[in-house]
Amino acid sequence: MKIAVVGASGMAGSRIVAEAVSRGHHVTAVFRRTAPESPHPDVDVVRGDVTDVRHMSAVFEGVDAVVGATRPAPGAEDTVAATITALLDAAAGTRVLVVGGAGPLRSPSGGLVIDDPAFVPPAWRTIASASLSQLQACEAHAGDWVYLSPPAMLEPGIRTGAYRRGTKTIVTAEDGSSGISAEDLAVAVVDELENPGQDRHFTVGY
């Protein structure tokens with residue numbers, strides 16, 4: 001496959017690039033700022049602002065799928081809806097997998113994760129709220145998209161290749177925790193690109 005990864009410098013994006021290349025896919029890695037030299041012959045590195053729809057449309061030309069792994073800078077959380085709408089506009093019918101947030105998931109205790117302090121402490125509420133706006137923007141768009149909500153904790157770790165997949169309820173371990181390594185999230189992303197599921201909104205976790 002030819003896959004474009006927007007937000008390729010981030011924790012999730014960089015690992016998605018590595019996972020895709022390790023499986024033999026060709027990746028266009030999109031960086032918002034000055035792009036580094038390509039780390040691999042199967043990686044094309046380009047600079048691009050996702051809100052520049054005309055430029056990004058050209059970047060996406062010929063790709064089989066787009067991964068949106070962008071994250072707003074602190075204080076810019078109110079830009080996520082416009083950003084994802086621009087990305088979907090630029091993709092113009094190409095399948096887009098959005099790596100979003102856990103906020104819109106259902107909590108085992110009822111209600112949404114964003115309203116459950118067991119998963120979203122007050123310090124995280126602003127970014128969790130942004131993920132609600134992001135998903136709503138996707139739902140309002142006619143494009144071909146799928147939204148992946150990570151679990152409550154997403155951190156660098158090791159690649160085990162194992163995870164559990166859920167739909168709209170957060171995935172938790174026996175001890176009630178909810179997490180996954182960024183490496184295994186990348187596994188789930190590329191699995192979805194290779195073998196698309198039926199759910200437009202799904203989640204993963206250990």
Val63 side chain near Thr94 side chain, heavy-atom distance below 4.5 Å: yes
Shortest non-hydrogen contact from Ala81 toward Ser133: CB-O, 4.1 Å
In Å, rounded to the nearest 0.5 Å, how long is the span from CG of Leu185 to CD of Glu155? 12.5 Å
Nearest-0.5 Å distance that lies between atom CG in Asp64 and atom CG in Leu193: 9.5 Å
Can you give me the closest heavy-atom contact between Gly103 and Leu112, atom names plus distance? O-CB, 3.9 Å
What do the steps show when you test Asp115 against Ser107 for side-chain contact (heavy atoms from CB on, under 4.5 Å), and what is the final call? CA-CA 8 Å; Asp115 297 318; Ser107 170; over 6 Å; no
When you compare the side chains of Tyr147 and Glu139, does any donor N or O come within less than 3.5 Å of an acceptor on the partner? no
Decide yes or no for Val189 and Val67: does some side-chain heavy atom of the first lie under 4.5 Å from some side-chain heavy atom of the second? yes
Between Trp145 and Arg200, is there a cation-pi geometry (under 6.0 Å to ring centre, at most 45° from the normal)? yes
Worked verdict on Asp184 versus Thr160 for side chain to side chain donor-acceptor pair (under 3.5 Å): CA-CA 7 Å; Asp184 281 337; Thr160 70; 2.6 Å; yes
Going from CD1 on Ile84 to OG1 on Thr70, what distance comes out if it is rounded to the nearest 0.5 angstrom? 6.0 Å
Under 4.5 Å between any side-chain heavy atoms of Thr85 and His141, yes or no? yes
Is there a side-chain contact between Leu87 and Val66 in this structure, where contact means two heavy atoms from C-beta onward sitting under 4.5 Å apart? yes
Atom pair CD1 (Ile170) and OG1 (Thr203), whose distance is rounded to the nearest 0.5 Å: 6.5 Å
Measuring only between side-chain heavy atoms, which start at C-beta, is Leu97 closer than 4.5 Å to Glu192? yes
Determine whether Met11 and Leu154 satisfy the following criterion, side-chain contact (heavy atoms from CB on, under 4.5 Å), listing intermediate values before the conclusion. CA-CA 9 Å; Met11 176 176 61; Leu154 176 63; 3.8 Å; yes
Begin with the C-alpha distance, continue with both residues' side-chain angles, and end with the deciding distance and a verdict on side-chain contact (heavy atoms from CB on, under 4.5 Å) for Val17 and Ile3. CA-CA 9 Å; Val17 171; Ile3 303 168; over 6 Å; no
Check the side chains of Ser149 and His201 for a donor-acceptor pair under 3.5 angstrom, ignoring hydrogens and angles. yes
For residues Phe202 and Val113: do they belong to one hydrophobic cluster (side chain heavy atoms under 4.5 Å, members Ile, Leu, Val, Met, Phe, Trp, Tyr)? no
Consider only side-chain heavy atoms of I, L, V, M, F, W and Y, link residues closer than 4.5 Å, and tell whether Ile114 and Leu105 are in one cluster. no
Evaluation steps, salt bridge (Lys or Arg N to Asp or Glu O under 4.0 Å), between Arg23 and Glu19: CA-CA 7 Å; Arg23 301 199 202 180; Glu19 179 68 24; 2.8 Å; yes
Is Glu61 atom CD crowded by more than 12 heavy atoms from other residues, nucleotides or ligands, each under 6.0 Å away? no
Is Arg32 atom CZ crowded by more than 12 heavy atoms from other residues, nucleotides or ligands, each under 6.0 Å away? no
Are Val27 and Ile16 connected in a single hydrophobic cluster, I mean Ile/Leu/Val/Met/Phe/Trp/Tyr linked by side-chain heavy atoms less than 4.5 Å apart? yes
Are Val187 and Val171 joined in one hydrophobic group, where the rule is that I, L, V, M, F, W and Y side chains link up if heavy atoms are under 4.5 Å apart? no
ILVMFWY cluster, Ile180 and Val120 together (side-chain gap under 4.5 Å): no
Of all the heavy-atom pairs spanning Asp49 and Met56, show the shortest one and how long it is. O-CG, 3.4 Å
Which heavy atom of Leu135 sits nearest a heavy atom of Pro104, and at what distance? CD2-CB, 3.6 Å
Does a donor on one side chain and an acceptor on the other come within less than 3.5 Å for Ser181 and Tyr206? yes
Does a salt bridge link Glu77 with Arg71, judged by any charged N lying under 4.0 Å from a carboxylate O? no
Taking all non-hydrogen atoms of both residues, which atom of Thr172 and which atom of Pro108 are closest, and how far apart? CG2-CG, 4.4 Å
Under 4.0 Å between a side-chain nitrogen and a carboxylate oxygen: does that hold for Asp52 and Arg47? no
Nearest 0.5 Å, what's the CZ-OG distance between Phe119 and Ser177? 8.5 Å
Might you work through the side-chain contact (heavy atoms from CB on, under 4.5 Å) test for Val190 and His25, ending with a clear yes or no? CA-CA 10 Å; Val190 181; His25 301 298; 4.0 Å; yes
Minimum heavy-atom distance Val80-Ala130, with the two atoms named: CG2-O, 3.2 Å
Starting at OG of Ser129, measure out to CD of Gln134 and round the result to the nearest 0.5 Å. 11.5 Å
Is any side-chain heavy atom of Thr28 closer than 4.5 Å to a side-chain heavy atom of Val5? no
